[in-house]
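What follows is a single structure, written as structure tokens, with notes after it.
This chain uses plain numbering: 1 for the first residue, then up along the sequence.
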Amino acid sequence: MELGWLVCGTAVLLLLHVLMELSPAVNFALRIGFYCVLCLVSSALAAAACLLVNGGRTVKNMRIIKAVVKTFKYFFGLRFEVKGLENFEVEGPAIIVSNHQSILDMMGLMEILPDNCVQVGKKELMYTGTVGLIIYLGGVIFINRKSTNSAKMVMAEVAKTMANENLKVWVYPEGTRNCTGDLLPFKKGAFHLAVQAQVPVIPVVYSSFTTFYNPKTKLFTSGKIKVEVLPPIETKGLTSDDVTDLTDRCFCTMRETLFRLSGRPSEAKDSS
């Protein structure tokens, strides 16, 4: 009986392997499915560790979450090449802004996440099972994107918390995932927050995933991700009148860096 189960199991694994080799769509579906299961199971285990070690919701839990998520890259054959981590070493709070490409961004985030840093995320993430639980325990700040007034109130509270608890806050200024290999126009919320709190903006850029991950073409293979933490942009002395210029300057710098890291420097020159 045991031999029969072993033969059947081996046959299923071989069939899946053949299908993955022959069909990009099957390969994509299986890898995404495995990623989702890995997130759910790891979140449950990490949540238990967070509750045992720190007792509840706190940014300190991010150290535990980071340690767990940093193992994911080995399952998917992803390699990170990181530069500029010293630019995180600013005194006091800061706003960190980065490009947002896919559900895989969590791996890139945790690869370089500095201590005492929380993220801003959409409220819907709270309702994603154990994943919602673990990001709640990690201190993620939730915003209702459908309510402008609610988002503004939350960001005002973030400014106070950031100053009182000496936090860095990580924001995706594009506002949604964008796996086109370019940047979407930036929303100004993060830059208003930086000016209001008079804290620096630290841009972080991840190279395009399109060479190994593309949902439209069902591509999901191994690959290398280049990450660059850019020098902080000071906001001391700036007012709300300067937010548009600050947003545009950060966008142009990050877009040029994105093209350079992705091996497309000529496009950066053409777009300038």
Q101 side chain to D105 side chain, donor-acceptor N/O pair below 3.5 angstrom: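 The criterion, which ignores hydrogens and geometry beyond distance, is not satisfied for D105 and Q101.
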
May I ask whether [X] and [Y] are part of the same hydrophobic cluster, defined by side-chain heavy atoms of I, L, V, M, F, W, Y residues being less than 4.5 angstrom apart, directly or through others?
{"X": "V131", "Y": "M126", "answer": "no"}
{"X": "L40", "Y": "M110", "answer": "no"}
{"X": "I112", "Y": "F80", "answer": "yes"}
{"X": "L85", "Y": "M107", "answer": "yes"}

Please confirm whether F76 and Y35 have ring centers closer than 6.0 angstrom.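 Judged by ring-centre distance (under 6.0 Å), F76 and Y35 do meet the cut-off.
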
With a 3.5 Å distance limit and no angle check, can you tell me whether [X] reaches the backbone of [Y] through a side-chain donor-acceptor pair?
{"X": "E81", "Y": "V227", "result": "no"}
{"X": "E165", "Y": "M162", "result": "no"}
{"X": "N27", "Y": "F220", "result": "yes"}
{"X": "S262", "Y": "S208", "result": "yes"}
{"X": "D242", "Y": "T239", "result": "yes"}
{"X": "S207", "Y": "K226", "result": "yes"}
{"X": "N61", "Y": "N54", "result": "no"}
{"X": "T128", "Y": "L125", "result": "yes"}

Which pair of non-hydrogen atoms, one from F251 and one from P185, has the smallest distance, and what is that distance?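 Closest heavy-atom pair between F251 and P185: CE1-CA, 4.2 Å.
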
Under 6.0 Å from the [atom1] atom of [X], do we count more than 12 heavy atoms belonging to anything else shown?
{"X": "E86", "atom1": "CD", "answer": "yes"}
{"X": "K73", "atom1": "NZ", "answer": "yes"}
{"X": "Y136", "atom1": "OH", "answer": "no"}

May I ask you to test the V120-V140 pair for a side-chain heavy-atom distance under 4.5 Å?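 V120 vs V140: side chains apart.
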
Can you tell me how the ring of F209 sits relative to the ring of F212, calling it parallel under 30°, perpendicular over 60° and tilted otherwise?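 Ring orientation of F209 relative to F212: tilted.
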
Would M62 and L113 count as a side-chain contact (heavy atoms from CB on, under 4.5 Å) here? Give the steps. CA-CA 9 Å; M62 276 298 170; L113 187 74; 4.0 Å; yes

Go through the steps for I233 and R249 under the test side-chain contact (heavy atoms from CB on, under 4.5 Å), then give the verdict. CA-CA 9 Å; I233 301 173; R249 182 154 59 111; 3.4 Å; yes

Where do K66 and E111 land on the salt bridge (Lys or Arg N to Asp or Glu O under 4.0 Å) test, with the steps shown first? CA-CA 7 Å; K66 180 178 179 179; E111 187 71 20; over 6 Å; no

Other than I64, what residues sit in its cluster of Ile, Leu, Val, Met, Phe, Trp and Tyr side chains whose heavy atoms are under 4.5 Å apart, directly or through others?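 Direct or chained contacts put I64 with V53.
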
For F28 and L219: C-alpha separation, side-chain torsions, deciding distance, then whether side-chain contact (heavy atoms from CB on, under 4.5 Å) applies. CA-CA 6 Å; F28 183 85; L219 173 69; 5.8 Å; no

Begin with the C-alpha distance, continue with both residues' side-chain angles, and end with the deciding distance and a verdict on side-chain contact (heavy atoms from CB on, under 4.5 Å) for I96 and V169. CA-CA 6 Å; I96 302 171; V169 176; over 6 Å; no

Which salt bridge (Lys or Arg N to Asp or Glu O under 4.0 Å) pairs, counting each pair once, include a residue from residues 178-198, with sequence neighbours left out?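 Pairs touching residues 178-198 that pass the test: D182-R255.
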
